[in-house]
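If you read the sequence from its start, that first residue is 1, and numbering goes on from there. Heavy atoms only: backbone and side chains are in, while hydrogens, waters and symmetry mates are out.
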Amino acid sequence: MADVFRIGYGSDFHRLLPGRKLVLGGVEIPSDRGAVAHSDGDALLHAIMDALLGAAALGDIGEHFPDTDPKYAGASSAQMARTVAEMVSGKWEIGNVDAVVFLERPKLLAHRERMRAGIAQALGIDVGRVSVKAKTMEATGPVGNRDAVAAEAVAALFPK
Ligand code: MG
């Protein structure tokens, strides 16, 4: 049976520390703490990249952008997302991306349109195909205690 469409799921989690940059969806979010990571720690784009790779059955970002490779130290996740979009574009067109960020503070609603635009630009798709939502963890657990940021995403791919 020919593929009608494919669905992928991705998730990511990064520890937060004071004095670091918080980058989500390829844009910097004003915050007193940011992600501890080998790259820029953009949990939102990392979850989206894994969703896209998952839908295309092309592995995961740990495999394609190993954190043991000095090339990816401080790497721009937007640039990595561009590479992932190119990888899937051989056979697939991105239908849509829907993501949730789990972060206690700051509230992300004010930054949502910038994040959507950043993701759309990185993936080379229309912003109308990108959805970003945000949740707190009601002050419980590592996210609620502001020790971490997490993200989940799904993506749909259509054959070209
Ligand atoms: Mg990550």
Side-chain angles (χ1 to χ4, degrees), residues 6-17 19-31 33-89 92 94-108 111-125 127 129-137 141-157:
R6 305 277 290 261
I7 294 175
Y9 166 77
S11 69
D12 197 33
F13 182 95
H14 282 279
R15 218 149 53 83
L16 296 175
L17 279 180
R20 298 185 66 102
K21 270 192 201 173
L22 181 63
V23 180
L24 291 169
V27 298
E28 193 173 337
I29 307 292
S31 171
R33 53 186 71 194
V36 180
H38 188 64
S39 68
D40 63 10
D42 189 331
L44 175 53
L45 271 181
H46 294 179
I48 290 169
M49 284 187 261
D50 263 353
L52 292 167
L53 290 169
L58 287 173
D60 63 35
I61 58 170
E63 178 185 344
H64 296 294
F65 308 98
D67 63 7
T68 48
D69 189 336
K71 190 164 73 173
Y72 300 116
S76 152
S77 296
Q79 188 56 52
M80 286 154 54
R82 255 172 230 122
T83 303
V84 167
E86 276 164 28
M87 288 169 66
V88 303
S89 71
W92 305 100
I94 298 170
N96 75 304
V97 169
D98 185 21
V100 181
V101 181
F102 299 88
L103 184 72
E104 201 65 17
R105 281 205 305 277
K107 293 282 188 201
L108 291 175
H111 307 289
R112 187 178 65 194
E113 295 312 309
R114 275 200 309 139
M115 292 190 288
R116 289 180 68 211
I119 295 160
Q121 189 180 30
L123 299 178
I125 59 176
V127 74
R129 294 178 186 269
V130 179
S131 160
V132 175
K133 306 188 290 301
K135 295 269 180 207
T136 72
M137 284 289 194
V143 169
N145 292 333
R146 305 195 69 216
D147 290 327
V149 57
E152 296 184 321
V154 290
L157 298 179

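Once rounded to the nearest 0.5 Å, the distance linking NZ of K135 with CD of E152 reads 11.0 Å. Taking CG of L108 as the start and CE of M115 as the end, the distance is 4.5 Å to the nearest 0.5 Å. I94 contributes atom CD1, which lies 5.0 Å from atom CD1 of I125 (distance to the nearest 0.5 angstrom). Rounded to the nearest 0.5 angstrom, D50 CG and I61 CD1 are separated by 4.5 Å.
Here the shortest heavy-atom pairing between L53 and D60 reads CD1-C, 3.6 Å. Minimum heavy-atom separation, A55 to R6: O-NE, 3.3 Å. In this structure, G95 and R129 approach most closely via the heavy-atom pair O-NH1, 3.0 Å. Residues V132 and R116 approach most closely at CG2-CG, 4.1 Å, considering heavy atoms. K133 and D98 make their closest contact through NZ-OD1, 2.6 Å (heavy atoms, listed as atom of the first residue, atom of the second, distance). Of all heavy-atom pairs between A122 and A78, the closest is CB-O, 3.8 Å.
The local environment of NZ in K107 is sparse, with at most 12 non-hydrogen atoms from other residues, nucleotides or ligands closer than 6.0 Å.
In this structure, L16 and L103 have side chains that are in contact, with non-hydrogen atoms separated by less than 4.5 Å. Between D12 and M49 there is no side-chain heavy-atom pair separated by less than 4.5 Å. Taking 4.5 Å as the limit, some side-chain heavy atom of I29 sits within range of a side-chain heavy atom of R114. Between R20 and V36, the closest side-chain pair of non-hydrogen atoms falls below 4.5 Å. Counting heavy atoms from C-beta outward, L45 and V23 have side chains that stay 4.5 Å or more apart. Looking at heavy atoms from C-beta onward, L123 lies in side-chain contact with I48 at the 4.5 angstrom threshold.
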Run the side chain to side chain contact (heavy atoms under 4.5 Å, CB included) check on V27 and H111 step by step: do they pass? CA-CA 9 Å; V27 298; H111 307 289; 5.8 Å; no
For side chain to side chain contact (heavy atoms under 4.5 Å, CB included), just list the numbers for M137 and N145, CA-CA rounded to whole Å, side-chain angles, deciding distance to a tenth of an Å, and then say yes or no. CA-CA 9 Å; M137 284 289 194; N145 292 333; over 6 Å; no
Verdict with reasoning, D40 to K21, per side chain to side chain contact (heavy atoms under 4.5 Å, CB included): CA-CA 8 Å; D40 63 10; K21 270 192 201 173; over 6 Å; no
Pair L24-D42, side chain to side chain contact (heavy atoms under 4.5 Å, CB included): steps then yes or no: CA-CA 5 Å; L24 291 169; D42 189 331; 4.3 Å; yes
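Contacts of Q79 classified as side chain to side chain donor-acceptor pair (under 3.5 Å), with partners at least two apart in sequence or in another chain: R82. The side chain to side chain donor-acceptor pair (under 3.5 Å) check on N96 picks up nothing, with sequence neighbours excluded. Applying the side chain to side chain donor-acceptor pair (under 3.5 Å) criterion to E28, with sequence neighbours excluded, gives no partner residue. Partners of T83 by side chain to side chain donor-acceptor pair (under 3.5 Å), not counting sequence neighbours: none found. Residues passing the ring-ring contact (aromatic ring centres under 6.0 Å, His included) test with H14 are H46, sequence neighbours excluded. Remark: Y72 engages F65 in a ring-ring contact (aromatic ring centres under 6.0 Å, His included) (not counting sequence neighbours).
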